[in-house]
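To start, the structure itself, in structure tokens.
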Amino acid sequence: MEKVIQALKAKLAEEQISTNETVRELHSKDETYHQTSLPDVVVFPKTTEDVSYIMKVSQEFKTPITPFGVGSSLEGHVIPYQKGIVVDFSFMNKIIEIKQEDLLVTVQPGVTREQLNKELKKYGLFFTVDPGANATLGGMAATNASGTTTVKYGVMRDQVRNLEVVLADGSVIQTGSLAAKSASGYHLNGLFVGSEGTLGCFTELTLQVYGIPEHVVAARATFPSLTQAIQAVTSILQAGIPIARVEFVDEASIIQINTFSETDYPVKPTLFLEFHGNEAGLNADVAFTKEIMQDHACDNFTSETDNAARNHLWDARHNLAYAYIHGHAGKKMMLTDVAVPISELANSVIYARKELDKLGVPGGILGHVGDGNFHCLIMIDMANAEEIKRANEFNKNVVLYALERGGTCTGEHGVGVGKMPYQRQEHGAALDIMKQIKKALDPNNLLNPNKIVEIEEETLNEIY
């Protein structure tokens with residue numbers, strides 16, 4: 001590593017390289033329970049040329065590289081288990097260009113979601129993907145993030161028009177164009193978005209943005225049972241109502257919200273909803289939604305148009321994970337993430353709730369149920385080996401239930417290390433194609449190694 005650090009110092013400034021133990025410790029983890037691992041060195045590039053040089057040093061000394069945004073990932077994506085170099089993109093945080101007429105923006109990867117929306121607001125625009133955390137846009141592209149607004153606007157992959165990517169050998173490519181569609185060549189945007197730093201490092205992103213809606217209505221609806229709440233969501237979607245957000249929160253989670261956010265919501269299965277559009281159209285949509293809710297025994301439907309009231313409602317939802325952490329000091333959060341076809345959603349949530357009740361640890365069910373994606377959030381004692389074992393078994397059961405019904409092991413968190421055990425079952429022979437792509441673009445297996453796919457060293461030696 002001394003040779004690696006000396007090579008980095010040949011072209012990078014002193015403040016761009018750190019072997020400080022505290023800095024390394026901050027880059028040894030994400031926001032989950034996964035085991036930490038210290039990198040050998042943390043570097044802070046300022047330009048694409050810096051990233052290219054770091055990649056070349058990595059290849060010369062066969063040193064692993066792990067890209068890092070703000071560390072808000074949830075499946076161990078940014079934990080450097082092979083040590084080596086962590087590349088922190090916080091210095092690359094410029095909004096390069098806003099093309100207002102084209103509804104496009106070009107940014108560096110270290111720009112955060114909230115930073116971008118603050119600037120876009122001056123132009124009457126906003127960026128839609130809202131995973132809750134104030135993540136970097138590079139990290140959001142790396143994990144194909146989504147969130148509360150996906151049901152209307154789509155996931156991160158749907159917003160990416162072009163990427164500037166530095167490959168393992170230090171070469172730089174563009175993956176798309178500024179055009180709204182293209183039938184030219186392989187879909188490299190789709191390949192690199194969601195690749196979790198295993199195929200290259202993003203240094204610029206061109207993203208689609210949208211006009212701020214003329215009118216926004218938020219609503220909260222409660223139900224006697226979990227089944228009725230989920231079935232109401234299915235009916236809303238089948239009715240074709242253009243809803244912008246629809247989130248499910250169970251009773252256990254409402255208790256945490258009330259305590260942490262100082263609300264007094266009824267402790268019942270609850271849907272949080274939001275509608276975007278013009279005032280006349282939204283009034284009709286809200287009224288129709290209310291009728292559908294009542295068909296499913298909704299016992300309370302409250303709507304809000306005031307901006308402060310709407311923000312308070314969504315802040316309470318977004319802060320739910322922190323509410324659990326704050327309410328269970330000394331425990332670590334395990335947050336599962338699966339997605340299923342809408343027709344399987346109700347039974348999947350019911351199954352997960354029953355399994356969670358058997359587990360006997362604090363936790364709840366929540367999720368972006370408008371697109372079939374839900375989470376089980378549980379708080380576990382990391383000093384209790386038996387509890388950890390049971391929690392992992394619970395996680396496995398929920399994932400396998402989803403896969404058996406045509407779902408996926410992760411709807412938005414990504415694979416990292418937490419969902420690697422399920423890749424073969426979900427993808428079958430297609431996983432071998434993914435491994436071939438990884439080997440072609442990263443023949444020395446140095447880019448975030450052993451994330452998403454595991455490349456056996458023996459196989460690499462045989463091929464190369």
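Only this structure's heavy atoms are used, side chains among them; waters, hydrogens and symmetry mates stay out. Not measured: the values here are computed from a predicted model.
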Side-chain heavy atoms of T270 within contact of R220, under 4.5 Å: yes
Enclosure of E21 CD (heavy-atom neighbours >12, cutoff 6.0 Å): no
Side chain N189, main chain R161, donor-acceptor under 3.5 Å: yes
Between T106 and T206: side-chain donor-acceptor atoms closer than 3.5 Å: yes
Whether S146 side chain and V155 backbone form a donor-acceptor pair below 3.5 Å: no
Closest approach of S58 to I65 (non-hydrogen atoms, all atoms of both residues): CB-CD1, 3.4 Å
V349/F248 under side chain to side chain contact (heavy atoms under 4.5 Å, CB included): CA gap, chis, key distance, verdict: CA-CA 10 Å; V349 172; F248 171 76; 4.3 Å; yes
Cationic N near anionic O, under 4.0 Å, K451 to E196: no
Electrostatic pair D381:K332 at N-O distance under 4.0 angstrom: no
Rounded distance [0.5 Å steps], CD1 in I230 versus CD1 in I365: 8.5 Å
Nearest-0.5 Å distance that lies between atom NE2 in H27 and atom OG in S37: 13.5 Å
Side-chain H-bond candidate by donor/acceptor type, H427 with D432, under 3.5 Å: no
Ring-ring centroid check H368 H375, cutoff 6.0 Å: yes
Heavy atoms from other residues, nucleotides or ligands near OH of Y401 exceed 12 (cutoff 6.0 Å): yes
Carboxylate-amine/guanidinium proximity below 4.0 Å for E355 and R390: no
Close side-chain approach of T203 and V165, heavy atoms under 4.5 Å: no
N395 backbone acceptor or donor facing T336 side chain under 3.5 Å: no
More than 12 heavy atoms from other groups under 6.0 Å of NZ on K62: yes
Verdict with reasoning, L38 to E25, per side chain to side chain contact (heavy atoms under 4.5 Å, CB included): CA-CA 6 Å; L38 283 174; E25 195 275 333; 4.1 Å; yes
Polar side-chain atom of D40 near backbone of M1 as donor-acceptor pair, under 3.5 Å: no
Heavy-atom side-chain proximity of T259 to I257 below 4.5 angstrom: no
Distance flag, aromatic centroids of F44 and F68, threshold under 6.0 Å: no
Exercise: do S253 and Y324 side chains pair donor with acceptor under 3.5 Å: yes
Shortest non-hydrogen contact between P449 and N445, atoms and distance: CB-O, 3.4 Å
Full working for side chain to side chain contact (heavy atoms under 4.5 Å, CB included) between Y81 and N450: CA-CA 9 Å; Y81 287 113; N450 297 329; over 6 Å; no
Modelled atom types, side-chain donor and acceptor of N162 and Q174, under 3.5 Å: yes
No-hydrogen, no-angle side-chain donor-acceptor test under 3.5 Å, T198 and N448: no
Flag, side chain of Q108 to backbone of K94, donor-acceptor distance under 3.5 Å: yes
Donor-acceptor pair between T48 and E204 side chains, under 3.5 angstrom: no
Interatomic spacing from OG1 in T234 to CD in E344 - rounded to 0.5 Å: 10.5 Å
Under 3.5 Å donor-acceptor, E412 side chain and G147 backbone: yes
Any donor-acceptor pair under 3.5 Å from T143 side chain to G414 backbone: no
R245 side-chain N/O to L273 backbone N/O, donor-acceptor pair under 3.5 Å: no
Pair W314-E247, side-chain donor/acceptor within less than 3.5 Å: no
Side-chain heavy atoms of T112 within contact of L137, under 4.5 Å: no
Polar side chain donor-acceptor pair, N444 to Q59, under 3.5 angstrom: yes
Trace of the side chain to side chain donor-acceptor pair (under 3.5 Å) decision for N20 with S18: CA-CA 5 Å; N20 177 277; S18 179; 5.2 Å; no
Considering all heavy atoms, the nearest L403-E426 contact: CD2-OE1, 3.6 Å
Criterion side chain to side chain donor-acceptor pair (under 3.5 Å) on E31 and S73, from CA distance to verdict: CA-CA 6 Å; E31 289 196 353; S73 56; over 6 Å; no
Beyond-backbone contact of V172 with L167, side-chain heavy atoms, under 4.5 angstrom: no
Euclidean distance, E114 CD relative to N117 CG, rounded to 0.5 Å: 8.5 Å
Heavy-atom closest contact (P443 atom, A440 atom, distance): CD-O, 4.0 Å
L104 side chain near L207 side chain, heavy-atom distance below 4.5 Å: no
Test item: side-chain donor near acceptor, Q115 and E119, under 3.5 Å: no
T32 side chain to D30 side chain, donor-acceptor N/O pair below 3.5 angstrom: yes
Atom pair CG (L345) and CD1 (I350), whose distance is rounded to the nearest 0.5 Å: 9.5 Å
Sidechain-backbone polar pair: S195 side chain, F192 backbone, donor-acceptor under 3.5 Å: yes
K46/D50 salt bridge by N-O under 4.0 Å criterion: no
Y153 ring center within less than 6.0 Å of Y210 ring center: yes
Nearest non-hydrogen partners of V42 and D88, listed with the distance: CG1-CB, 4.1 Å
Greater than 12 external heavy atoms within 6.0 Å of E15's CD: yes
Salt-bridge present (D130, R113; N to O < 4.0 Å): yes
K419 side-chain N/O to C409 backbone N/O, donor-acceptor pair under 3.5 Å: yes
Derivation of the side chain to side chain contact (heavy atoms under 4.5 Å, CB included) call for V267 and Y265: CA-CA 6 Å; V267 181; Y265 299 148; over 6 Å; no
Test salt bridge (charged side-chain N to carboxylate O under 4.0 Å, His left out) applied to K331 and E387, step by step: CA-CA 11 Å; K331 291 179 176 284; E387 189 167 292; 3.6 Å; yes
Student check: side-chain heavy atoms of V105 and F127 closer than 4.5 Å: no
Neighbour count above 12 (heavy atom, 6.0 Å) for E262 CD: no
Flag side-chain contact, heavy atom, 4.5 Å: F223 against L271: yes
Approximate separation, where rounding is to 0.5 Å, of L163 CG and F202 CZ: 5.0 Å
